[in-house]
Amino acid sequence: MNSENILELDKTAKIYRRSHLGKTKETRGALDITFSIQKGEVFGLLGLNGAGKTTIIKLVLGLIFPTSGRIQVMGKSPEDPLNKKQIGYLPEVPYFYKFLTAREVLSFYGRISGLPSHALPNRIEDALRIVRMQDHSNRPMREYSKGMLQRIGLAQAILHDPPLMLFDEPVTGLDPMGLKEMRDLLVSLNKNGKTIFFSSHSISEAEKVCHRVGIMVKGRLEKIVSKNEWEGQTGSLEKIFVDTITSKGGISVG
Amino acid sequence: MASVLSIIHYTFIQQSRNHLYMVVILFGLTMIAASLLFGAVAGDQEIEVILDLGLAVTELFGLIMAIFGAVTLILEEIESKTIYLLLTRPLPRSHYLIGRFFGLLLSIFVSMLFMGVFHLILLFVKGWTLSATFFVSFPFMILKISVITALALFFSLFSTSSVSSIVFTVLFWLLGHFGTELSFLANKSKNAISALGTKAFLFLIPDMSVMNYRDVFTLAGPHWTQQFLWGSSYAFLYCLACLFLALALFSRKEF
């Protein structure tokens, strides 16, 4: 592994197998995925619904296991629990315990992330300040709107100051102001040295923040595009994306 | 260790803020209070009836909480996807499972403590003279509840639906009380294969007779301590086996 590579996937495949009444149904989640992300990079994964973006993120997080191939996060297996201290994860829809307040949720995640008790209150304050949720932090989560839940989702992802951030569809469902805030946050985190890997449907957002973009079609990573290939030409990344999807017959989702 | 304690703490909060948890405790307290009615018609056996019914209700409601709580303990987190944000933390799956198990046990024990204290108050009001039998029965109940919680947790990870997990757990609970009868049937069986099958099955089901506090009442003197030692050793090993198997299933589970 290259010492600068923070994340590396080598010929990784994931086949989902579901057995029912003695019959096994196989669905391909990801096939022959090879790419790496360097320290300090913002890498976006683009693709249609069912292209395999979330599968890749779950593989990197160790929530599912690869059928074949190899994944390394900072030189270690994603299944290594201690290595997860290095990752901040924001799911597409943040799912929280509705019976807890935002502050209690962050305190809980902070403790299981190994943050020392004396540092925890300050870290929680910092995270709440960054996502601008200080005034609502003592309300139970069941009273939160989708946008507020997304903010707390972000707060828990950055709480333990991990070097690698994994965001699954971070801009889906956000209003224009929310989009701008998320974009600014991604840029700011990256400026502070964070490596960011996210999946998205939004080509325009990826165009604005990514250094490189991977395009997935039917479980395969068909193309990796660098910023210099789309920079300076509005709509260029969209054209590359559409051409790649069309040429690989990805319009009909497999 | 700190992560296990955090999971225990949040599981306890989760259970105690659940309306259903409060409803079960209240219902249990009402049932214990209802034992006064049965006591009233029992003549000079009034206190005995209140004592027996109260203990039975406490155990029954502890059992209901254990089965439903353990079966939904992990499944609910998988369905609500709250488990994503836990397992993507530096939290070994074993710590999560153990924390959830002990967190649930703690919440059940607290609810049983509420029922026990209320029961005790009723007994004193009725002029009960303090005796060890009441206090001896509680540790035995805790052993049974621990075993059934571990078993339900294993079934919840083994089975694909919560209904089948509940059915399996209740079945094992019932059969666990009929170990002697099953053993008798196995010895009487003329078919060697079915006899062997029954005996093998006997090893799988929990032997509830070793944790049965009712036997304590019939034992004189120090015998209950021996029974408790044997029962707690058995319960510890049975829980350990269930948790070990549950962990084997959970460690390769995909989300």
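To find a chain, count down the sequence lines: A is the first, B the second, and so on, and within it residues start at 1.
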Do [X] and [Y] touch side chain to side chain, with heavy atoms closer than 4.5 Å?
X	Y	answer
F255(B)	K58(A)	no
Y10(B)	E104(A)	no
T88(B)	I87(A)	no

Check each atom of [X] against the heavy atoms of chain A and say whether the ones under 4.5 Å are side chain, backbone, both or neither.
X	value
S251(B)	backbone
H95(B)	neither
S80(B)	backbone

For this session: Check each atom of Y97(A) against the heavy atoms of chain B and say whether the ones under 4.5 Å are side chain, backbone, both or neither.
Result: both

Exercise. How long is the span from the NZ atom in K253(B) to the CD1 atom in I64(A), to the nearest 0.5 Å?
Worked result: 14.0 Å

Problem set entry | Inter-residue atom distance R89(B).CZ - L159(A).CG, 0.5 Å rounding | 6.5 Å

Using a 6.0 Å cut-off, check whether atom [atom1] of [X] has over 12 heavy atoms from anything other than its own residue.
X	atom1	answer
F114(B)	CZ	no
Y16(A)	OH	yes
H136(A)	NE2	yes
F244(B)	CZ	no
F135(B)	CZ	yes
R139(A)	CZ	yes
L204(B)	CG	yes
F168(B)	CZ	no

For this session: Check the pair R17(B) / L100(A) against side-chain contact (heavy atoms from CB on, under 4.5 Å), numbers first and verdict last.
Result: CA-CA 9 Å; R17(B) 290 187 189 173; L100(A) 296 177; 3.8 Å; yes

Exercise. Going by distance alone, is a donor N or O of one side chain under 3.5 Å from an acceptor N or O of the other, for E79(B) and Y95(A)?
Worked result: no

Exercise. If you count heavy-atom pairs under 4.5 Å with chain A, which of I7(B), I13(B), L5(B), T82(B) comes out on top?
Worked result: T82(B)

Exercise. Stepwise, does the salt bridge (Lys or Arg N to Asp or Glu O under 4.0 Å) test hold for R93(B) with E79(A)?
Worked result: CA-CA 10 Å; R93(B) 290 188 179 200; E79(A) 291 169 44; over 6 Å; no

Problem set entry | Under 3.5 Å donor-acceptor, Q14(B) side chain and F99(A) backbone | no

For this session: Begin from the C-alpha positions of Y109(A) and L91(B) and carry the test side-chain contact (heavy atoms from CB on, under 4.5 Å) through to its verdict.
Result: CA-CA 10 Å; Y109(A) 287 133; L91(B) 174 74; over 6 Å; no

Exercise. Taking all atoms of both residues into account, what is the closest heavy-atom pair of F96(A) and L85(B), and its distance?
Worked result: CE2-CD1, 3.5 Å

Exercise. How far apart are the C-alpha atoms of I112(A) and Y96(B), what are their side-chain angles, what is the distance that settles it, and do they pass the side-chain contact (heavy atoms from CB on, under 4.5 Å) test?
Worked result: CA-CA 10 Å; I112(A) 58 170; Y96(B) 170 76; over 6 Å; no

